[in-house]
Visitor: 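Quick one: structure below, then a few questions.
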Amino acid sequence: MSPILAEPDVPEGADTGMILHQALTGCRTLVVEGPDGLDRRALLAELARHRFTVRPLHGHLDHVDPTQPYRELLSAPGRLAVDGGLVHELVYGPLRRGRSRVTWIQALDFAEAVAERDGALVHVTGETDDAEAVRAYERVLRTLGQHVPVITLDTRETARAAHDPSRAIRQLGLYVGLLPIA
C-alpha cells in the first residue's frame, strides 16, 4: 500500500530557497531528472555539500530488469541523490525508439520506493531546444507525482546562484515549483 501524499503546506509568497531548504531537510532521497543538455553539475555539487551521496546512473539500462540498479541503490542507508535515468528512459525511449524499456508498472513501483525512502523526484528544467522532451517530462512527472513528491528546479537559477555566493548557498537559492500531488 502506498503512502498518502499531501501537497506541502507552503505559505503564500514563501521564499523559494526556503521551500527547497525544507525539501532538503525532509528528504533522504532525491532523484534528479530532466531533458538532455541541461547542466546539473551545480545542483549535484550542492546536494553533495548537503551530505547527499551522489550517484550517476546514466547509461544503458539492463534489458531484462532496468530497475535493478535503482532498487540496489535505494536499499542502501544514508542520504542519496541519484542523477536519473529511469524517467529519462520513459521520456526518450518513445521519442527515439518508439517505446520505453521501462514499463509504467516498474516506474510506479520505483516512484513508490523513492517515496517510502522519504524521497522526491527533482525535475530539472531550463533552456532547451527539445520542446517535445519538455512536454514528455511534464506528462511523465505529473503521473509519477501521484506516487512521489516532485520538485521542479530551474537550472538557470542554479547557474546564477553558483556565480553569486550571496544567494543563500545553504538553501541553494534555486527556483522551486511543486507539481500538485493529487
Visitor: Using a distance-only test with no angle check, is there a side-chain donor-acceptor pair under 3.5 angstrom linking H147 and D109?
Guide: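 Checked: H147/D109 side chains show no N/O donor-acceptor pair below 3.5 Å.
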
Visitor: Before giving the answer on side chain to side chain contact (heavy atoms under 4.5 Å, CB included), spell out for V122 and L43 the whole-Å C-alpha distance, their side-chain angles and the decisive distance to 0.1 Å.
Guide: CA-CA 10 Å; V122 178; L43 171 60; 4.2 Å; yes

Visitor: For the CG atom of L144 and the NE2 atom of H123, what is their distance to the nearest 0.5 Å?
Guide: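 Atom-to-atom, L144:CG and H123:NE2 are 11.0 Å apart.
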
Visitor: Among side-chain atoms of D65 and T67, is any donor-acceptor pair under 3.5 angstrom?
Guide: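 There is such a pair between these side chains.
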
Visitor: Would you check, one step at a time, whether the test side chain to side chain contact (heavy atoms under 4.5 Å, CB included) holds for W104 with L90?
Guide: CA-CA 8 Å; W104 275 104; L90 279 173; 4.3 Å; yes

Visitor: Is there a side-chain contact between V102 and P66 in this structure, where contact means two heavy atoms from C-beta onward sitting under 4.5 Å apart?
Guide: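 V102 vs P66: side chains touch.
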
Visitor: Do V31 and D83 have side-chain heavy atoms sitting under 4.5 Å apart?
Guide: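 Not touching, per the 4.5 Å side-chain cut-off.
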
Visitor: Answer whether the closest heavy-atom distance between the side chains of Q106 and T103 falls below 4.5 Å.
Guide: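 Yes, side chains in contact.
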
Visitor: If you draw a 6.0 Å radius around CZ in R97, do more than 12 non-hydrogen atoms from other residues or ligands fall strictly inside?
Guide: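 Buried by this count: over 12 neighbours within 6.0 Å.
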
Visitor: How long is the span from the CD atom in E112 to the CD atom in Q146, to the nearest 0.5 Å?
Guide: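 E112 atom CD to Q146 atom CD measures 11.0 Å (nearest 0.5 Å).
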
Visitor: Are the side chain of Y92 and the backbone of D36 linked by a donor-acceptor contact shorter than 3.5 Å?
Guide: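 Checking the backbone N and O of D36 against the side chain of Y92, a donor-acceptor pair under 3.5 Å is found.
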
Visitor: Let me confirm one number: the CG-CZ distance from L153 to R40, rounded to the nearest 0.5 Å.
Guide: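 One gets 11.0 Å once the value is rounded to the nearest 0.5 Å.
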
Visitor: Heavy-atom distance under 4.5 Å between the side chains of T128 and V134, does that happen here?
Guide: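 When only atoms from C-beta onward are counted, V134 and T128 do touch, with a gap below 4.5 Å.
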
Visitor: Minimum heavy-atom separation for A120 to C27, with atom names?
Guide: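 Closest pair (atom of A120, atom of C27, distance): CB-SG, 4.0 Å.
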
Visitor: Any sub-3.5 Å donor-acceptor pair from R28's side-chain atoms to D118's backbone N or O?
Guide: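 Checked: no pair found.
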
Visitor: Quick check: closest heavy atoms across Y137 and H88, and the distance to 0.1 Å?
Guide: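 Looking at all heavy atoms of both residues, the shortest contact is OH-CA, 3.3 Å.
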
Visitor: Distance check, rounded to the nearest 0.5 Å: R79 atom CZ versus T29 atom OG1?
Guide: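 Nearest 0.5 Å value for the CZ-OG1 distance: 9.5 Å.
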
Visitor: Show the numbers, then the answer: is there a side chain to side chain contact (heavy atoms under 4.5 Å, CB included) between L24 and L47?
Guide: CA-CA 8 Å; L24 287 174; L47 292 174; 3.5 Å; yes

Visitor: Can you name the closest pair of heavy atoms from V32 and V124 and give their distance?
Guide: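 Here V32 and V124 meet closest at CG1-CG2, 3.3 Å.
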
Visitor: I need the L95 CG to S100 OG distance, nearest 0.5 Å.
Guide: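 Reported value, rounded in 0.5 Å steps: 10.5 Å.
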
Visitor: Where does the angle between the aromatic ring planes of Y70 and F110 fall among parallel (under 30°), tilted (30 to 60°) and perpendicular (over 60°)?
Guide: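 If you compare the ring of Y70 with that of F110, the planes turn out perpendicular.
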
Visitor: Would you call L30 and V82 a side-chain contact if the rule is heavy atoms closer than 4.5 Å?
Guide: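 In short, these two side chains do not touch, never coming nearer than 4.5 Å.
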
Visitor: Passes side chain to side chain contact (heavy atoms under 4.5 Å, CB included), L80 versus F52? Steps please.
Guide: CA-CA 5 Å; L80 175 66; F52 280 84; 5.5 Å; no

Visitor: Rounded to the nearest 0.5 Å, what's the gap from CZ on R71 to CG on L73? Could you check?
Guide: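 Here the interatomic distance stands at 11.5 Å.
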
